[in-house]
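What follows is a short report on a single structure.
Per chain, numbering begins at 1; letters A, B, ... match sequence-line order. In this text the structure is predicted, and so the values were computed from the model without any measurement.
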Amino acid sequence: VLLGVALICVALFRHNGPLVSLGTLAILGIVYRHWRRQIFLVFLVAAALYGAVRGPLYSITGVRGIQNFVLYAVPVHQVAAVIAAGTSLTSEEQAILDKLFPLDKWGSAYHCTNINPIIWDSHDFKGWLLSDNDYTAAFRHVWLSLILRNPLAVIQHQLCAGALVWLVPPLTYLYTIEREIPQNELGLSTQSQWPAMRRLITKLLDWSERPEVIWLLWRPALYLYIILLLTAVVAYRMQEPRWLIFAVPAMLQSVSLLLVNVGQDFRYQFSIYLISLISLCLLWWIIPKHKEAQEK
Amino acid sequence: VISWLLLKLILVPEDPLIVHLGSDKVLTGSIEYSTTLPWARSAQQVLSPEQITLEDGQPREVTLVLEPLGQSHPQGLDSEIWIYEIASELERIGPERFDSLHLPASWKYDEKRRAIVFLGGEHTPLSLRLKAIGKVSLRLLRHPWSGQARITVDGMSRVVDLYSSEFRRVQEVFLLQLPLEVTQRIETVLPRTTQRARLVFTGGPRLVRLERVEWHSRSVWAWDPKRDTFEVGPGVQIVEKSEAGWLVQIEQSDGWIAFHDLQTKPFFLPGSWGVIVILLLGFVWWTVGETYRPRTRVGAFLRGQAYWAKYALPCLTIWLVYWLAFFPALMNVDSLAQWRQILGIWPIVDDHPAVSYAHDVATYPALVLPGCDRSSPNGSHERLNWVGAGWICSPWCAARHTLECLWVICSVPSNGHDDYHSVEGYPLWDECSLADALDSKDHREPWGVAQKLSMECSAIRSSFNLCGALPP
């Protein structure tokens with residue numbers, strides 16, 4: 001039950017959560033074959049809870065599902081990448097894409113690390129992609145055609161868009177945290193009760209984002225590699241391949257983000273950061289049973 | 001002693017400083033202040049646009065009154081006043097319009113010299129109206145026959161002495177910066193221990209009219225143009241003193257004016273925050289003492305639970321520091337979007353799925369509302385503030401934030417002993433529990449690396465215990 005609840009928490013925390021939960025459960029089922037029944041029960045618990053939350057609970061509380069244009073962010077970004085790579089378009093494709101964003105601006109507005117220039121400069125990005133209609137169907141068709149026409153551009157784009165997952169050096173920007181509440185109409189503003197401490201923390205944060213240290217303090221790629229390395233080390237030391245499972249949630253999280261990332265936000269990989277810190281202790285980890293065996 | 005030191009030396013309350021002034025430009029600058037704190041004898045805060053409220057910068061029609069006052073100098077030969085031009089940035093009254101003006105009896109238009117003149121007689125004021133934003137300039141004659149005049153613009157006066165010993169006919173422009181282009185209000189805070197503060201003006205030369213300064217500290221300290229004075233730095237000149245304010249010419253960047261003796265009382269009392277901190281520290285002090293050496297049943301209970309307190313206290317302490325420093329919370333655009341959803345301004349959407357959203361819904365009223373502007377849209381904050389007040393005062397709130405830090409420790413065996421021996425699995429829960437506990441808008445962001453590091457060992461502990469449930 002606990003495992004099921006934990007998987008639910010992961011699945012309902014971010015939109016790539018279900019992939020991490022399901023993938024982890026599947027690998028557990030493969031590795032721990034003798035416990036397939038229990039793991040299936042876990043799956044049932046998790047699936048039931050997931051369905052209950054996204055079905056009746058969302059319905060009762062009036063929660064709208066994820067908006068269509070959010071789902072289209074990745075395809076739009078990929079289309080921009082393909083256009084920026086100089087891929088030729090048919091006149092029909094040009095007409096469809098021009099409605100979403102001026103055709104002559106697709107290439108110049110494209111930045112592999114950030115989709116915002118396209119979304120925010122588009123005259124009616126949300127309007128066209130807000131709901132399922134003929135236009136979204138046509139756009140999907142164009143998107144599929146383009147990624148098949150120039151798959152290399154898409155791969156290059158995804159590697160760049162997901163740079164925070166795998167790239168250690170700070171070659172792309174990285175959004176970390178705010179220093180104060182952004183301007184708003186809600187009457188919310190930062191009203192520090194301890195301005196001196198705020199200034200000190202802000203200074204530290206600014207320092208931590210300097211290129212010479214950000215790769216160590218903020219960029220999550222190094223932490224992913226630490227997880228992978230230490231997992232391999234402990235599996236080797238324990239002579240037990242099942243220890244590799246330790247890295248599975250982190251890997252699934254990273255891969256899923258690599259496939260769909262549209263912004264360089266530290267928070268997207270925050271879990272990797274934490275798991276990595278935990279995994280440092282694997283260096284000193286020796287299972288007592290194994291130690292006993294060694295002693296014998 | 002520790003509480004007292006913390007209160008006196010670190011948690012020094014800050015009191016609001018309000019400066020009313022007018023200027024020909026929007027103010028840029030900083031406030032430098034010196035305090036009695038041994039490690040912070042002086043400090044500086046650059047004035048941000050949020051701290052400066054523009055109160056008036058619109059063009060308006062002003063009334064200019066020029067009143068002859070008579071002979072000014074013992075060797076003066078008369079009390080004449082010669083006006084060649086009156087102008088603002090928006091309107092000019094020159095010779096081409098002089099003949100169309102309705103002049104009082106003692107004033108006349110001299111066509112030959114193309115000027116309006118007062119050559120003696122009844123000291124009748126000359127009144128004119130013109131459009132201006134700030135500056136009004138008068139081109140007047142100075143020679144041995146000239147006298148004094150009071151120039152008043154919209155009730156603010158300046159007396160000019162036009163006598164000159166030179167027999168040449170010298171025309172001089174008198175700039176009247178009343179009313180100034182922009183009247184502004186600066187609102188900032190200074191530590192209660194501040195003794196001296198100075199307002200530093202950057203951004204080049206400017207004319208400033210200082211009208212009033214108030215510092216609402218233990219008692220209200222105020223600078224009043226009628227009776228007080230201030231110190232000026234190099235390159236700063238006091239042009240005119242009037243009851244409405246002092247006109248100061250800032251001739252260079254970094255020119256400053258300084259106020260002394262802001263806080264004359266040697267000892268300060270804690271403000272409301274100080275009381276809260278004292279109570280909190282007292283509670284923590286008592287709790288730690290009881291836990292370490294129980295003397296009551298509560299103490300014995302606490303000692304039994306102390307295994308988690310050692311993780312909770314550092315978490316809460318660091319969280320409290322961040323909360324106070326970035327009060328009421330650190331929010332980004334996503335947090336604001338969720339806040340709008342909580343208030344019902346926006347529909348609830350699944351852009352941030354249920355777990356992260358539920359966390360924010362439960363937390364924002366407690367953390368954010370105390371910092372809300374009460375006059376917020378549709379009064380929702382006001383209503384929700386009761387929820388927030390109830391929430392933040394409830395034991396559940398404290399427990400909740402502790403638990404958020406300690407979600408990972410929930411599975412620690414109830415006997416509190418370390419039990420790693422059955423662990424042969426892996427911490428599948430970590431991602432969920434830690435992410436759920438920490439990856440929230442108002443907590444994750446204020447927490448820093450130190451916080452994350454402090455979580456490390458507790459997470460290890462819990463994860464390995466949790467994984468005890470998994471078979472080898």
If you measure from CZ on A:Arg64 to CD on B:Gln341, what distance do you get to the nearest 0.5 Å?
10.0 Å
Can you name the nearest heavy-atom pair linking A:Met197 to B:Val321, along with the distance?
CG-CG1, 3.6 Å
Decide yes or no for A:Asn184 and B:Met331: does some side-chain heavy atom of the first lie under 4.5 Å from some side-chain heavy atom of the second?
no
Go through the atoms of A:Val63 and report whether side chain, backbone, both or neither lie under 4.5 Å from a heavy atom of chain B.
both
Return the set of residues passing side chain to side chain donor-acceptor pair (under 3.5 Å) with A:Tyr173 (not counting sequence neighbours), or none when no residue passes.
A:Asn114
Any salt bridge between B:Asp351 and A:Arg14, counting N to O under 4.0 Å?
no
Could you check if a side-chain atom of A:Arg198 sits within less than 4.5 angstrom of a side-chain atom of B:Phe326, using non-hydrogen atoms only?
yes
Please identify each residue that fulfils salt bridge (charged side-chain N to carboxylate O under 4.0 Å, His left out) with A:Arg37, with sequence neighbours left out.
none
Residue A:Arg179 versus chain B: region with a heavy atom under 4.5 Å:
backbone
Against chain B, label A:Thr61 side chain, backbone, both or neither, depending on which of its atoms sit under 4.5 Å from a heavy atom there.
backbone
Taking atom CD of A:Glu178 and atom CG of B:Asp334, what is their separation to the nearest 0.5 Å?
9.5 Å
Value rounded to 0.5 Å, distance of CG in B:Asn332 from CD1 in A:Ile181:
10.5 Å
